[in-house]
*Asks:* 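This is the structure I want to talk about, given as C-alpha cells.
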Amino acid sequence: MDIRRALPADLDTVADIYGREAREGHATFDVEPRPTTWWEEKLAATDDHFLVAEHQGRVVGYATSGAFRPKPAYRHTRESTVYVAPGHQGLGTGRALYDALLAGLADDGVHLVVAAVALPNPASLALHRACGFEEVGVMREVGRKLGRWVDLAWLQKVLG
C-alpha cells in the first residue's frame, strides 16, 4: 500500500468513499454526498493535507486535515479525518493514513490534532487510541441521522 498526496484523478473515488458514508452510514453528519467542487477546493488548499491510500493501483482510503475553528487563536490546532473504503477496513489502511497525516502535521508545527467520532464506532475509537489520541468528551444526541440520535466523541492528540 502506498500513502501519497491526493491527485485530481483520485477525487471521484474519494467522493464515492465519502458519499457512501453520507448516504448509508453515520460516520459523517452529512446526509448527501459533497459536490465535486468541494473536493476540488479541498485538493487545491495549500494550508492542509489531503492524502490517499492506494492499493494495487486503486484508492482505498483518504485522510485530510483542516481548520478546527476559524479564529486566530486556534491556528495551531487542526481537525483530522480518515475514511477507508469497505473491504479495506481493519487491514492497517487507516493506521497508515493516520501515521502519514500526523507526521505531516507535526512537521508543520501543529500543536494539537482533534478528531470527532460518531458513536457507536468501536473500530474508529480503537484506531484513534492506537494512534495516541485520548478521548476528551462526548456530546450526547448531537445529530440525527438514519432515524436515530447520534452521539459524538471528541478525541485529541498533542503533537508538540
Side-chain angles (χ1 to χ4, degrees), residues 1-7 10-11 14-15 17-19 21-22 25-31 33-34 37-54 59-85 88-145 149-160:
M1 177 178 10
D2 293 319
I3 305 299
R4 60 171 174 76
R5 289 188 53 80
L7 302 170
D10 302 324
L11 295 183
V14 167
I17 293 168
Y18 186 82
E21 193 61 35
H26 70 271
T28 177
F29 283 64
D30 277 333
V31 295
R34 290 183 172 165
T37 54
W38 190 93
W39 295 106
E40 291 167 345
E41 290 170 9
K42 185 72 173 165
L43 183 64
T46 58
D47 57 343
D48 277 305
H49 298 268
F50 190 163
L51 306 173
V52 296
E54 187 176 55
V59 171
V60 297
Y62 72 92
T64 64
S65 60
F68 171 61
R69 299 266 171 114
K71 296 178 180 163
Y74 291 121
R75 71 185 170 277
H76 299 290
T77 299
R78 308 309 283 171
E79 187 168 352
S80 61
T81 300
V82 173
Y83 283 88
V84 177
H88 295 275
Q89 297 163 340
L91 303 174
T93 305
R95 179 61 187 260
L97 282 162
Y98 243 137
D99 287 348
L101 181 66
L102 293 171
L105 292 170
D107 288 347
D108 292 346
V110 169
H111 174 70
L112 183 77
V113 180
V114 298
V117 175
L119 301 175
N121 194 336
S124 184
L125 290 175
L127 170 63
H128 285 86
R129 288 183 194 120
C131 291
F133 283 79
E134 65 176 318
E135 292 179 53
V136 293
V138 174
M139 297 172 69
R140 302 282 177 213
E141 299 182 357
V142 69
R144 186 159 178 85
K145 189 167 179 189
W149 291 105
V150 181
D151 296 346
L152 187 70
W154 281 101
L155 299 97
Q156 70 178 34
K157 178 181 174 104
V158 177
L159 297 179

*Asks:* Heavy-atom distance under 4.5 Å between the side chains of D108 and H49, does that happen here?
*Replies:* yes
*Asks:* Could you check whether atom CE of M139 has more than 12 heavy atoms from other residues, nucleotides or ligands sitting under 6.0 Å from it?
*Replies:* no
*Asks:* Please check this pair: side chain of K145 against backbone of V150, looking for a donor-acceptor N/O pair closer than 3.5 Å.
*Replies:* no
*Asks:* Do R129 and E135 touch side chain to side chain, with heavy atoms closer than 4.5 Å?
*Replies:* yes
*Asks:* Give the C-alpha distance, both sets of side-chain angles, the deciding distance and a yes or no for side chain to side chain contact (heavy atoms under 4.5 Å, CB included) between R140 and W149.
*Replies:* CA-CA 8 Å; R140 302 282 177 213; W149 291 105; over 6 Å; no
*Asks:* Which value, rounded to the nearest 0.5 Å, describes the distance between D30 atom CG and E21 atom CD?
*Replies:* 10.5 Å
*Asks:* One pair to check against side chain to side chain contact (heavy atoms under 4.5 Å, CB included): L112 and K157. What are the steps and the verdict?
*Replies:* CA-CA 6 Å; L112 183 77; K157 178 181 174 104; 5.9 Å; no
*Asks:* Test D151 against E141 for side chain to side chain contact (heavy atoms under 4.5 Å, CB included), laying out the working first.
*Replies:* CA-CA 5 Å; D151 296 346; E141 299 182 357; 3.8 Å; yes
*Asks:* Apply the test ring pair (Phe, Tyr, Trp, His ring centres under 6.0 Å) to residues Y62 and W39: give CA-CA distance (whole Å), side-chain angles for both, the deciding distance (0.1 Å), then the verdict.
*Replies:* CA-CA 12 Å; Y62 72 92; W39 295 106; 5.6 Å; yes
*Asks:* To the nearest 0.5 Å, what is the distance between OG1 on T28 and CZ on R34?
*Replies:* 5.5 Å
*Asks:* Do S65 and V113 have side chains that get closer than 4.5 Å, going by heavy atoms?
*Replies:* no
*Asks:* What distance separates E134 CD from L155 CG, expressed to the nearest 0.5 Å?
*Replies:* 8.5 Å
*Asks:* Is there a side-chain contact between L97 and I3, using heavy atoms and a 4.5 Å cut-off?
*Replies:* yes
*Asks:* Does CZ belonging to R144 count more than 12 external heavy atoms closer than 6.0 Å?
*Replies:* yes
*Asks:* Of the non-hydrogen atoms in H76 and V110, which two are nearest, and what is the gap between them?
*Replies:* O-CG1, 3.4 Å
*Asks:* Which atoms form the tightest heavy-atom contact between Y83 and A27, and what is the distance?
*Replies:* OH-O, 3.5 Å
*Asks:* Less than 4.5 Å apart, side chain to side chain, heavy atoms only: is that true for F133 and Y98?
*Replies:* yes
*Asks:* Considering non-hydrogen atoms only, spot the tightest contact between A118 and H26 and give its length.
*Replies:* CB-O, 2.9 Å
*Asks:* Using every non-hydrogen atom in the two residues, find where T64 and L101 come nearest and quote the distance to one decimal.
*Replies:* O-CD2, 3.6 Å
*Asks:* Would a 4.5 Å heavy-atom cut-off, applied to side chains only, mark L125 and L119 as touching?
*Replies:* yes
*Asks:* Would you confirm whether D10, through its side chain, and L7, through its main-chain N or O, come within 3.5 Å as a donor-acceptor pair?
*Replies:* yes
*Asks:* Would you check if the side chain of Q89 reaches a backbone N or O of V84 as a donor-acceptor pair within less than 3.5 Å?
*Replies:* yes
*Asks:* Hey, what do you get for CH2 (W154) to NE2 (H128), rounding to the nearest 0.5 Å?
*Replies:* 10.5 Å
*Asks:* Is any side-chain heavy atom of V52 closer than 4.5 Å to a side-chain heavy atom of R4?
*Replies:* yes
*Asks:* Less than 4.5 Å apart, any side-chain heavy atom of F50 and any of V14?
*Replies:* yes
*Asks:* Taking all non-hydrogen atoms of both residues, which atom of A130 and which atom of R95 are closest, and how far apart?
*Replies:* O-NH1, 3.2 Å
*Asks:* Apply side chain to side chain contact (heavy atoms under 4.5 Å, CB included) to residues D47 and R78 and explain how you reach the verdict.
*Replies:* CA-CA 10 Å; D47 57 343; R78 308 309 283 171; 4.1 Å; yes
*Asks:* G94 and V82: which non-hydrogen atoms are nearest, and at how many Å?
*Replies:* CA-CG1, 4.1 Å
